[in-house]
Amino acid sequence: QVQLVESGGGLVQAGGSLSLSCTASGIFFPGNDMAWYRQAPGKQRELVARVTTSGRTMYADSVKGRFTISRDNAKSTVYLQMNNLKPEDTAVYYCSVPLINYWGQGTQVTVSS
């Protein structure tokens, strides 16, 4: 049974930072790409960042240079470091295992102006 447990969301002022983490169980973590998605109210869910099994990273244009995705295979955990946050980053952030189209329960990130 796959489980993804996210943590680290919250409320922050514009220009601030937050760090999200997602710990996976029920999968062979080193063998899976991992990703973060987000969904803002009234908008479709969008890919924020992805890290491959080899550690290669990809980002949405809107977060390049501000967000960093990383993984720790020993801890079965993927991280999303978010710096210089903007009000438009406000959304529910979801950890994902793309290969099996599986998402965690989500964590709210709210950026105030």
Side-chain angles (χ1 to χ4, degrees):
Q1 174 182 352
V2 180
Q3 273 197 312
L4 298 174
V5 180
E6 299 126 330
S7 62
L11 173 64
V12 65
Q13 287 190 330
S17 297
L18 281 174
S19 181
L20 306 183
S21 63
C22 169
T23 300
S25 59
I27 60 169
F28 179 59
F29 187 84
N32 278 276
D33 287 9
M34 297 296 296
W36 287 96
Y37 284 75
R38 68 185 180 186
Q39 188 166 20
K43 294 188 176 181
Q44 287 190 325
R45 191 172 297 188
E46 63 175 354
L47 176 66
V48 175
R50 179 167 176 157
V51 58
T52 70
T53 56
S54 62
R56 187 166 62 97
T57 57
M58 292 162 275
Y59 298 94
D61 287 343
S62 59
V63 307
K64 280 181 183 176
R66 300 188 298 121
F67 290 13
T68 302
I69 188 171
S70 61
R71 64 189 297 157
D72 185 337
N73 288 340
K75 296 182 178 179
S76 296
T77 299
V78 60
Y79 304 95
L80 186 68
Q81 177 63 41
M82 304 182 292
N83 297 328
N84 191 22
L85 282 159
K86 304 176 181 181
E88 51 264 42
D89 295 317
T90 295
V92 178
Y93 284 69
Y94 298 90
C95 176
S96 169
V97 187
L99 181 65
I100 58 172
N101 199 31
Y102 191 86
W103 278 273
Q105 81 285 355
T107 185
Q108 177 70 46
V109 171
T110 303
V111 184
S112 63
S113 56

Working to the nearest 0.5 Å, report the span between [atom1] of [X] and [atom2] of [Y].
X	Y	atom1	atom2	answer
Met34	Ser76	CE	OG	9.0 Å
Arg38	Leu47	CZ	CG	10.0 Å
Met82	Thr68	CE	OG1	11.0 Å
Ser96	Arg45	OG	CZ	8.5 Å
Tyr102	Leu4	OH	CG	6.0 Å

If hydrophobic clusters are built from ILVMFWY residues whose side chains come within less than 4.5 Å, do Tyr59 and Tyr93 share one?
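Yes; tracing contacts between hydrophobic side chains, which count when under 4.5 Å, links both residues.
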
Treat each ILVMFWY residue as a node, draw an edge where side-chain heavy atoms are under 4.5 Å apart, and state whether Val48 and Trp103 are in one component.
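No, Val48 and Trp103 fall in different hydrophobic clusters.
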
Are the side chains of Ile69 and Met58 in touch, meaning some heavy atoms are under 4.5 Å apart?
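Not touching, per the 4.5 Å side-chain cut-off.
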
Where is the tightest heavy-atom contact between [X] and [Y], given as atom of each residue plus distance?
X	Y	value
Ala14	Ser113	CB-CA, 4.3 Å
Leu80	Trp36	CB-NE1, 3.5 Å
Tyr94	Gln105	CE2-O, 3.6 Å
Gln39	Ala91	O-CB, 3.4 Å

Gln13 side chain vs Ser112 backbone, donor-acceptor pair below 3.5 Å:
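No.
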
Using modelled atom types and a 3.5 Å cut-off, is there a donor and acceptor pairing between side-chain atoms of Thr90 and backbone atoms of Val111?
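Judged by distance alone, yes, a pair lies under 3.5 Å.
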
Acceptor/donor pairs from residues 20-33 side chains to any protein atom, 3.5 angstrom cut, sequence neighbours excluded:
from	atom 1	to	atom 2	distance (Å)
Ser21	OG	Ser7	OG	2.9
Thr23	OG1	Thr77	OG1	3.0
Asn32	ND2	Phe28	O	2.9
Asp33	OD1	Thr53	N	3.0
Asp33	OD2	Arg50	NE	3.2
Asp33	OD2	Arg50	NH2	3.0

Can you name the side chain to side chain donor-acceptor pair (under 3.5 Å) partners of Glu88, sequence neighbours left out?
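Expected list: none.
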
Among Asp89, Leu18, Thr57, Asn84, side chain to side chain contact (heavy atoms under 4.5 Å, CB included) partner for Phe67
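One option only clears the test, and that one is Asp89.
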
